[in-house]
Structures are given as structure tokens and as C-alpha cells.
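Have a look at the structure below, then the notes.
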Amino acid sequence: MNKKIVILGSTGSIGTQTLEVCRKMNFKPIALTANRNFELLEKQAREFLPRFVVCKDIDKAKKLRENLKDTDVKVWEGEEGIERAAELPCDIVLNSLVGIAGLIPTMKAIETGHDIALANKETLVTGGKIVTEAAKKHKVKIYPVDSEHSAIFQCLQGSGKNKIAKIILTASGGPFFGKTYKELEKMTAADALKHPNWDMGSKITIDSATLMNKAFEFIEAMWLFDLNPEQIEVVVHRESIIHSAVEYEDGSVIAQMGCPDMKIPIQYALTYPDRFECDVKKLSLTDIGKLTFYKPDSESFRCLKYGIEAVKKKGLYPCAINGANEKAVELFLGGKIGFNDISRAAEHILNQNEFEKENFTLEDVINTDKRARIITEEFLLNRK
């Protein structure tokens, strides 16, 4: 295969693993983007020689431009540079940006007619209705990269018109599985960053610890597979071997399994509908021995409950709770608030009455995100 790929967020966990897949499959990255890590971006640029690289940080982009003078690689900068990269002629755009920052580049890529390999769940959490409508209009396909949504996508292959009864969305439970709400009060950022099964960036790892990540995946699944909330069951599966499952109306349950490794869903999104050898550890059920399943504790891990409540309230509440969560996680990682304050921020944003608008635009989404961050910061830093 000779695919040309734009990778948004090439220096993060998903981005670096995507480049491993490109290396093996001989795909050609034509553009790579990073937020601040220009040292790694330069290393990637020298190996893959894309036409363009983008560093969001303008000062670091200047340094990168100077460093790459001996190559033909052009350096762009800022959010505008990322958006321009998303519009470049290519076969597929892989979006692994973190947070709502991934929304506008996704829309730019869709409007240009590019298929999307989506690892940025906030795109659909904040703007699901707008994004899916645009994808239909421009006849663009969205291939899921998150392991859970890739699993569901794989379980649906060959299903034809058979009806889905529900999907079973699995969760590892994060590093604090089994702890009470009171015990969680004492957890630090260092504690929360110790994920048992996956190597992810700090933002997503904290979201996994609070289970907000699973709430966002719940919302993402609704948009990707045209489901209602009653058709999704979240199950804690500590081993992270079953990545998710689909139950059909006849009661049959089909699951996708494999050792925890993001290269499998990344490669499948880039090569669909074909499968190729993938350099990952192969699953041995006898080595695993047993698989366990638990109901999530939504009283201790309240972000899961509040995230699902946000999508049931509809309107701009999913966008608002995402903005509140991004700001709260930023404050938590900065040592300014406690672990449970993240869920308190989510609850607080749901109690606001200004996010009920049903028919909204992309501008409304962006404004809601900004407003939710302001409300959250004032709430968290001014609490007695």
C-alpha cells in the first residue's frame, strides 16, 4: 500500500505509534504536527521527510525552521498551520490531538473531503452532531482509532442489516479501581498517572483515572454507531483483553480481543478493510488464565455518571462538560485542586442553565468551551 497520511499530533503516544505503523507499512507521512515538542518533531522530520511539519508553539517553530534549513521540509506554525496541514491532499488524516483542539482540524479535513482516522474523542464529544452531518455531506468516512471503538467497528464487520441490541464498552478501571470516594480525596497527580495497562499522555491518563474518559467514549460511541444511551453498557474489565463487544438482537455477543497495544487499531484504521501482520504481542488465553468483569462504581467515580448525564441533557452540555474537565484536569496536574474536584467541576457545569441550545453552530461549540472553562476556574479556585 502506498498511502499518503497527515498525522496531527505526531509526537504524542498515538502519533509515535502511528509512525511505527507507517515505518512498517511503508506509508508516506506528508505532514506532521506537534504542540511544543519540536526536538522530537525534528527527529521525525529528518527520518520521514514530510513536505510539511507544524509546531503550534510559534517560538519553537522558528527554532525548528532554522534547524531544518538543510532539508526540503517546510515549517508552519500555530493553530492555522495545523488547520492547513489537515487540508493537504492526502489519503487519510489521522487526528491524535488532545482535547477540543482536535475539533476544527477535523472539520477542515472533512470539508476538504478527507477520510479521518479519529483518535481525538473530543471531536465527537463537543461537536458530534456537526461533525457527523459534515461527514455525510462530504461523503467522508470516520474510522475509529480508540481501542474500544475500533473493537466495536471490527465486531460490526459482516453484520449487514442485523440490529444491534447494545454495545458493551469495556473500561480498565484505571489506577484507583476499588477505592472509595473518600479515599480518592487523597490521590495526587503522581498517583493518577500510574495507569495499569496503557501508556498514554497525562491528560488522557487522568481522564482514565476519573473514568471521564469512559464517559467521553460513551458519547463518542453514540455518534459513531448511531446509538442511544440505553444501548450502551459500561463494564470494568481489568485485564484490557476484551476491548469491547456488540450484542445483537438474537442475544449473540461478539467481542474483539487482543493484548493491549494501540498499533492494532491504528493500523486497522489506516488499512481498512484489509488486515496485515502487526508487530504486537499475540494473545494467549492460557497465559492470561482468567478474565474479570465488574459494574463501574459511579458513586466513587462520579465523572462517569456526570458525563453520561451530559449527553442525556443534550444541547451543548457534552461540550460544556468537556471544557470543564479540560480546565479541571489542567488545575489538578498543576497541583491547584484535588482529585475529586474534577468531578465536582463536572457536576457544577451540569447545574448551569445556559447550555441547553439544541440547534448550534461550530461557533457556538467554541464559545461554549471557553465559557465552561471560565465558569470552572472561578468555581474551583474560589470555593471555600
Side-chain angles (χ1 to χ4, degrees), residues 1-10 14-15 18 27-33 50-52 54 76 79-146 149-150 152-154 156-157 161 216-217 219-227 265-266 268-274 311 314 316 318-319 322 357-369:
M1 302 180 76
N2 186 26
K3 286 193 173 183
K4 295 179 180 178
I5 301 172
V6 169
I7 303 175
L8 307 179
S10 67
I14 297 296
T18 299
F27 292 156
K28 175 61 177 175
I30 63 168
L32 305 173
T33 84
R51 290 170 55 201
F52 304 95
V54 185
W76 291 340
E79 293 180 1
E80 181 184 353
I82 295 173
E83 293 167 20
R84 289 175 67 189
E87 295 174 317
L88 288 169
C90 64
D91 294 302
I92 193 165
V93 174
L94 186 137
N95 186 345
S96 64
L97 298 173
V98 177
I100 196 174
L103 174 59
I104 292 179
T106 298
M107 290 296 291
K108 294 287 185 181
I110 288 173
E111 289 166 358
T112 312
H114 298 326
D115 288 341
I116 309 293
L118 189 63
N120 172 256
K121 60 180 63 64
E122 291 86 358
T123 286
L124 292 177
V125 171
T126 61
K129 181 179 179 181
I130 297 170
V131 173
T132 52
E133 287 178 353
K136 289 177 183 177
K137 177 182 177 180
H138 295 279
K139 298 180 180 179
V140 162
K141 293 181 175 63
I142 300 177
Y143 298 109
V145 171
D146 273 347
H149 301 93
S150 176
I152 296 162
F153 180 63
Q154 292 180 59
L156 291 173
Q157 301 310 306
K161 295 182 180 180
F216 288 164
E217 289 175 2
I219 298 170
E220 184 181 9
M222 288 177 56
W223 289 111
L224 281 171
F225 306 111
D226 193 21
L227 302 170
I266 291 168
Y268 192 61
L270 296 179
T271 65
Y272 176 82
D274 299 315
V311 75
K314 300 181 180 179
L316 286 159
C319 175
N322 177 78
K357 190 174 184 179
E358 288 288 340
N359 296 313
F360 49 82
T361 64
L362 181 59
E363 184 180 5
D364 291 327
V365 171
I366 300 303
N367 289 336
T368 294
D369 174 72

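The residues of the chain are indexed from 1 along the displayed sequence.
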*Non-hydrogen side-chain atoms of V131 and I142 separated by less than 4.5 Å*: yes
*Begin from the C-alpha positions of I30 and V6 and carry the test side-chain contact (heavy atoms from CB on, under 4.5 Å) through to its verdict.*
CA-CA 6 Å; I30 63 168; V6 169; 3.7 Å; yes
_Rounded to the nearest 0.5 Å, what separates atom OG1 in T106 from atom CG in L118?_
5.5 Å
*Is it true that a side-chain atom of H138 and a backbone atom of H114 form a donor plus acceptor pair closer than 3.5 Å?*
no
*Under a 4.5 Å cut-off applied to non-hydrogen side-chain atoms, are D115 and D91 in contact?*
no
*Side chains of F27 and T271: does their closest heavy-atom pair fall under 4.5 Å?*
yes
_Looking at K28, I want to see if its NZ is surrounded by more than 12 non-hydrogen atoms of other residues, nucleotides or ligands under 6.0 Å._
yes
*asked:* Treating N120 as the side-chain partner and T123 as the backbone partner, does any N or O pair qualify as donor plus acceptor under 3.5 Å?
replied: yes
*Heavy-atom side-chain proximity of I366 to D369 below 4.5 angstrom*: no
*Would you say K3's side chain and L270's backbone share a donor-acceptor pair under 3.5 angstrom?*
yes
_To the closest 0.5 Å, what do you measure between CG (N95) and NZ (K108)?_
14.0 Å
*What is the ring orientation for F153 with Y272, classed by angle as parallel under 30°, tilted 30 to 60°, or perpendicular over 60°?*
tilted
*May I ask you to test the E79-I104 pair for a side-chain heavy-atom distance under 4.5 Å?*
no
*Can you tell if the side chain of T33 reaches within under 4.5 Å of the side chain of W76, non-hydrogen atoms only?*
no
_Spacing of M107 atom CE and I116 atom CD1 [to the nearest 0.5 Å]_ = 10.0 Å
*Do V365 and I100 have side chains that get closer than 4.5 Å, going by heavy atoms?*
yes
_Nearest-0.5 Å distance that lies between atom SG in C319 and atom NZ in K129_ = 14.0 Å
*Which is it for I92 and Y143 under the side-chain contact (heavy atoms from CB on, under 4.5 Å) test, yes or no, and what are the steps along the way?*
CA-CA 10 Å; I92 193 165; Y143 298 109; 4.0 Å; yes
_Under a 3.5 Å threshold, yes or no: a donor from one side chain and an acceptor from the other, between T126 and N322?_
no
_E363, CD: over 12 other non-hydrogen atoms inside 6.0 angstrom_ = no
*About how many Å separate CZ of F225 and CD1 of I152, when rounded to the nearest 0.5 Å?*
5.0 Å
*Looking only at non-hydrogen atoms, find the nearest pair between S96 and G9 and report the distance.*
OG-O, 3.0 Å
*asked:* Show, in sequence, the C-alpha distance, side-chain angles and deciding distance for L362 and L103, and conclude whether the side-chain contact (heavy atoms from CB on, under 4.5 Å) test is met.
replied: CA-CA 9 Å; L362 181 59; L103 174 59; 3.6 Å; yes
*From E217 atom CD to L224 atom CG, the distance as rounded to the nearest 0.5 Å*: 10.5 Å
*asked:* Is there a side-chain contact between P105 and L97 in this structure, where contact means two heavy atoms from C-beta onward sitting under 4.5 Å apart?
replied: yes
